Amino acid sequence: MSGFPWGAFAVGLGWAAGAAFAVMLVTFAVAVRKGVHRVVDVAWGLGFAAVAAVTCGVAVAAGEGDASRRALVEVLTVVWGLRLAAHIARRGRGHGEDPRYDAMLARAPGNRNLYALRMVYLLQGALVWLVSLPVQAAVYGPGPLSVLAWAGAVVWAVGLAFEAVGDAQLARFKADPANRGRLMDRGLWSWTRHPNYFGDFCVWWGLFLVAWDAGLAAAAVSVVSPLVMTCLLIGGSGKRLLERRMADRPGWAAYAARTSGFFPRPPRRSP
C-alpha cells in the first residue's frame, strides 16, 4: 500500500468532518427557526457535496492526487448530492413535520431540539463523513484513471438514473388524484419495490470502484462505505422500515409477490 499519501489523507479527513458537521449545524439552526426538523433530509445530499468540494480543495492545496480523478469524483458526488437535495426539498415543500421525527422527538428526555441535535444532526454528520470515505480516498490516489474508474462511473450513472427516474415516476403518480390510495406499481416500480434505494446502492458501489482505481490502499480504507450503505438500505432505515409501514396497505401483498424486493427484474406474472 505504498505510494498513498497517508499524512495528507489524514489531514483531509479532518477537513471533511468539519464540512459535514458544518452543513448539519447550519441546517439545525434553520430547522429550529422553522420549527420543522424534516429539513435535515435535504442536508444529507448537501453534506456529501460539501465534503467532496472541500476534500478536493484540500488535496489540490497539498499537491496530492491525480487531477482527472479528483474532477471525476467531485462531479459525480456533487451532481448526485445536489439532485437528491433538490428532490427532497421539492417533495417536502408545504408539509409539516415528518412523522418519523415527530415520533422520535415525542420520546425526547428533555429539550426536543437538543435531543434532535444529538440523535439526528450529529449522527447524520458522522454518517456523511463515514459514507463519503471513497470520495475522500479517491482524490488522493496517484496515477491516471483506468478502466476501473470508468466502470465505477457507469455503475454510478445506472444508480443516478434509477433514483431520478424512479422519483419522477412516483411524483407524477402521486400528482394524479385518480391514484389516491393506490400503490405505485408502474415503470421502474414494477421491476423493483425500491428503485431509489437500489439507485443509492449503485451510486456508492460505483464511487467505491473509482476509489479502488486509486489503489488498494484507497480501496481498503473506503470499502466500509458501500458496505454500511448496503446494510442501511436493505436491512436498516431503508427497505425494512418502509415495508413494515406499507405491509397493511391494500394490495401490498400482491405487489410484493410479483415485484423484486431490491435488485431489478421483470415482474412475475400474476397467478
Side-chain angles (χ1 to χ4, degrees), residues 16 19-20 22-24 26-27 30-31 36 38-57 69-95 98 121 124-125 127-136 138-139 149-175 184 186-189 191-211 225-226 228-230 232-233 237-239 242 262 264:
V23 170
M24 291 300 164
V26 170
T27 305
V30 172
V36 178
R38 72 182 301 152
V39 295
V40 71
D41 294 339
V42 178
W44 178 251
L46 295 179
F48 287 106
V51 166
V54 168
T55 301
C56 285
R69 185 176 294 102
R70 283 199 308 265
L72 177 64
V73 78
E74 182 174 15
V75 168
L76 297 186
T77 308
V78 170
V79 166
W80 171 82
L82 294 184
R83 188 217 71 88
L84 180 62
H87 166 70
I88 294 176
R90 285 194 303 268
R91 188 180 65 187
R93 187 179 298 128
H95 293 277
D98 189 303
Y121 295 87
Q124 287 208 22
L127 273 175
V128 167
W129 177 84
L130 178 67
V131 173
S132 65
L133 282 175
V135 179
Q136 299 180 56
V139 302
W150 296 115
V154 170
V155 174
W156 173 92
V158 170
L160 184 70
F162 264 83
E163 288 192 53
V165 173
D167 287 340
Q169 290 175 340
L170 183 60
R172 286 196 300 270
F173 180 83
K174 288 184 172 181
M184 171 54 161
R186 307 169 188 174
L188 293 180
W189 300 83
W191 283 64
T192 169
R193 302 198 292 271
H194 305 283
N196 48 351
Y197 293 156
F198 172 73
D200 217 6
F201 167 90
C202 289
V203 162
W204 287 103
W205 279 106
L207 287 169
F208 167 71
L209 292 179
V210 179
S225 162
V228 166
M229 282 303 294
T230 299
L232 290 175
L233 292 168
S237 58
K239 174 182 183 294
L242 179 59
F262 194 77

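Note that the coordinates shown come from a computational prediction; the quantities given were computed from them, not determined experimentally. Side chains included, hydrogens not; waters and symmetry mates left out as well; all remaining heavy atoms used.
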Legend entry - side-chain contact (heavy atoms from CB on, under 4.5 Å) assessment of Leu46 paired with Leu82: CA-CA 6 Å; Leu46 295 179; Leu82 294 184; 3.8 Å; yes

Legend entry - Residue pair Gly199 / Phe162: nearest heavy atoms and the distance that separates them: CA-CB, 3.9 Å

Legend entry - For the student: nearest non-hydrogen atoms of Pro134 and Pro226, plus distance: CG-CD, 4.4 Å

Inset, instruction - Starting at CG of Asn196, measure out to CG of Asp167 and round the result to the nearest 0.5 Å. - result: 5.5 Å

Legend entry - Ring centroid separation Phe48 to Trp44 under 6.0 Å: yes

Inset, instruction - Sorted by first residue and then second, give each salt bridge (charged side-chain N to carboxylate O under 4.0 Å, His left out) pair with at least one member in residues 191-205; sequence neighbours left out. - result: Arg193-Glu243

Inset, instruction - Considering non-hydrogen atoms only, spot the tightest contact between Val158 and Cys202 and give its length. - result: CG1-SG, 4.4 Å

Inset, instruction - Only one of Leu72, Val79, Val73, Val78 passes side chain to side chain contact (heavy atoms under 4.5 Å, CB included) with Leu76; say which it is. - result: Leu72

Legend entry - Distance, nearest 0.5 Å, that separates CG of Leu170 from CZ of Arg186: 11.0 Å

Legend entry - Side chains of Trp205 and Thr230 in contact at under 4.5 Å (non-hydrogen atoms): yes

Legend entry - salt bridge (charged side-chain N to carboxylate O under 4.0 Å, His left out) pairs, two or more places apart, involving residues 156-166: Arg83-Glu163

Legend entry - Pairwise side-chain contact, Leu233 with Lys239, heavy-atom cut-off 4.5 Å (strictly under): no

Legend entry - Pairwise side-chain contact, Val128 with Met24, heavy-atom cut-off 4.5 Å (strictly under): yes

Inset, instruction - Look up atom SG in Cys56 and atom CZ in Arg70, then write down how far apart they are to the nearest 0.5 Å. - result: 7.0 Å

Legend entry - Aromatic plane relationship, Phe198 with Phe201 - under 30° parallel, 30 to 60° tilted, over 60° perpendicular: parallel

Inset, instruction - Would you mind reporting whether Trp80 and Trp204 have side-chain heavy atoms less than 4.5 Å apart? - result: yes

Legend entry - Heavy-atom closest contact (Ala31 atom, Val39 atom, distance): CB-CG2, 3.5 Å

Legend entry - Trp129 backbone acceptor or donor facing Gln136 side chain under 3.5 Å: yes

Legend entry - Distance (rounded to the nearest 0.5 Å) between Leu207 CG and Ser225 OG: 8.0 Å

Legend entry - Ala211 versus Ala138, closest heavy-atom pair with distance: CA-CB, 3.8 Å

Inset, instruction - Measure the acute angle between the ring planes of Tyr197 and His194, then classify it against the limits of 30° and 60° as parallel, tilted or perpendicular. - result: parallel

Inset, instruction - Kindly write out the residues that satisfy side-chain contact (heavy atoms from CB on, under 4.5 Å) with Ile88, not counting sequence neighbours, or none if the list is empty. - result: Asp41, Val42, Leu84, Arg91

Inset, instruction - Rounded to the nearest 0.5 Å, what's the gap from NE2 on His95 to CZ on Arg38? Could you check? - result: 6.5 Å

Inset, instruction - Please report the C-alpha distance between Val135 and Thr55 in whole Å, then the side-chain angles of each, then the deciding distance to 0.1 Å, and finally whether the side-chain contact (heavy atoms from CB on, under 4.5 Å) criterion is met. - result: CA-CA 8 Å; Val135 179; Thr55 301; 5.5 Å; no

Legend entry - For Ala19 against Val54, the heavy-atom pair lying closest together: CB-CG2, 3.8 Å

